[in-house]
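Computed over heavy atoms, backbone and side chain alike; hydrogens, waters and symmetry mates excluded.
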Amino acid sequence: MSTGRWRGVPLRVRLVVSAAVLVLAYGAVVHVLQLFVPGLRPQVALPGWLAVYFASLTLWDPLAALLLAARRPAGLALGCAVLVTDAAANGYATYVLDPAGGVTPGRIGQAVITALAVALVALTPSLARWYVRRVTPGR
C-alpha cells in the first residue's frame with residue numbers, strides 16, 4: 001500500500017488500515033461460508049431479520065474492505081458501521097438467543113468483533129485526515 005493512493009501516508013496509518021481490510025475480508029469469507037456450507041451455519045435458530053443481516057455482510061464486509069483499501073472516506077464510515085452492527089448482532093445472537101451458559105466460541109468471537117469495532121471507531125478520527133482527498137490544480 002505504499003505507492004499510488006498511499007504515497008506519503010505514515011506507516012502506522014497504513015498498518016491500521018491494512019489490519020481493518022484484513023478483518024473485513026476475513027469476515028466476508030466467514031459469512032459466505034456460513035451462508036453456503038451447512039455445517040458452518042450458526043447453531044442457534046436466528047430470527048429472519050438477523051439471518052438477513054448476516055447474509056448482507058457477504059456484501060458489506062468486502063465493500064467496506066475495498067473502500068478502505070482504495071482510501072475512500074466512505075470506507076471509514078462503512079467499516080465502522082459494519083463492525084459495530086456485526087458486534088451488536090453477534091451479541092444479540094450469543095447472549096439473547098443462545099441458551100448456552102458460560103464461555104462459548106460464539107461469545108469469544110463476539111468479544112473479538114466488539115474489540116475490533118471499538119478499535120476502528122476510536123482510531124477513525126486520526127485516520128480520517130488521511131482519507132480527505134486533496135484537490136490539485138490540473139487534475
Discussion item. Side-chain heavy atoms nearer than 4.5 Å, only ILVMFWY residues, links allowed to pass through others: does that put Leu57 and Val52 together?
Written reply: no
Worksheet item: Who else is in Leu66's hydrophobic cluster (ILVMFWY, side-chain heavy atoms under 4.5 Å, direct or via others)?
Response: none
Worksheet item: What closest approach, in Å, do Ala64 and Leu24 show between heavy atoms, and which atom pair accounts for it?
Response: CB-CD1, 3.8 Å
Fill in: Polar side-chain atom of Trp6 near backbone of Ala69 as donor-acceptor pair, under 3.5 Å
yes
Tabulate below the donor-acceptor pairs under 3.5 Å that side-chain atoms of residues 103-113 make, not counting sequence neighbours, or state none.
residue, atom, partner, partner atom, Å
Thr104, OG1, Arg107, N, 3.1
Arg107, NH1, Ala100, O, 3.2
Arg107, NH1, Gly102, O, 2.7
Arg107, NH2, Thr94, O, 3.3
Arg107, NH2, Ala100, O, 2.9
Gln110, NE2, Ala87, O, 3.1
Gln110, NE2, Thr114, OG1, 2.9

Using atom types as modelled, flag every donor-acceptor pair under 3.5 Å from a side chain in residues 115-122 to any protein atom, sequence neighbours excluded.
none

Item to complete: Please test Val17 against Tyr131 for side chain to side chain contact (heavy atoms under 4.5 Å, CB included), starting from the C-alpha separation and ending with a verdict.
Response: CA-CA 11 Å; Val17 172; Tyr131 275 78; 3.3 Å; yes
Item to complete: Just jot down the side-chain hydrogen bond (donor to acceptor under 3.5 Å, both in side chains) partners of Asp86, sequence neighbours excluded, or say none.
Response: Asn90
Item to complete: Only pairs at least two apart or in different chains count here, so list each side chain to side chain donor-acceptor pair (under 3.5 Å) that has a residue in residues 52-70.
Response: Tyr53-Thr85
Worksheet item: If only atom types and distance count, is the side chain of Arg71 paired as donor or acceptor with the main-chain N or O of Arg5 below 3.5 Å?
Response: yes
Discussion item. Under the rule for ring pair (Phe, Tyr, Trp, His ring centres under 6.0 Å), what residues qualify as partners of Tyr95, not counting sequence neighbours?
Written reply: none
Worksheet item: Shared ILVMFWY cluster between Val84 and Val21, side chains joined below 4.5 angstrom?
Response: no
Fill in: Nonpolar side-chain network containing Val30, other nodes, edges under 4.5 Å
Tyr26
Practice prompt. State, to 0.1 Å, how close Ala65 and Ala25 come at their nearest heavy-atom pair, and which atoms those are.
Written response: CB-N, 4.3 Å
Worksheet entry | Minimal non-hydrogen separation, Leu76 against Ala128, with atom names | CD1-CA, 3.6 Å
Worksheet item: Quick one: side chain to side chain donor-acceptor pair (under 3.5 Å) pairs with a partner in residues 115-126, sequence neighbours left out?
Response: none
Discussion item. Could you list the cluster mates of Leu11? Members are the ILVMFWY residues connected by side-chain heavy atoms closer than 4.5 Å, either directly or through other members.
Written reply: Leu15
Worksheet entry | Pairwise ring pair (Phe, Tyr, Trp, His ring centres under 6.0 Å) hits with a residue in residues 64-85, at least two apart | none
Worksheet item: Is Leu68 reachable from Leu59 through a run of I, L, V, M, F, W or Y residues, each pair having side-chain heavy atoms under 4.5 Å apart?
Response: yes
Discussion item. Applying side-chain contact (heavy atoms from CB on, under 4.5 Å), can you list everything that pairs with Pro125, at least two apart in sequence or on another chain?
Written reply: none
Discussion item. Starting from Leu97, can I reach Phe54 by hopping between I/L/V/M/F/W/Y residues whose side chains sit under 4.5 Å apart?
Written reply: yes
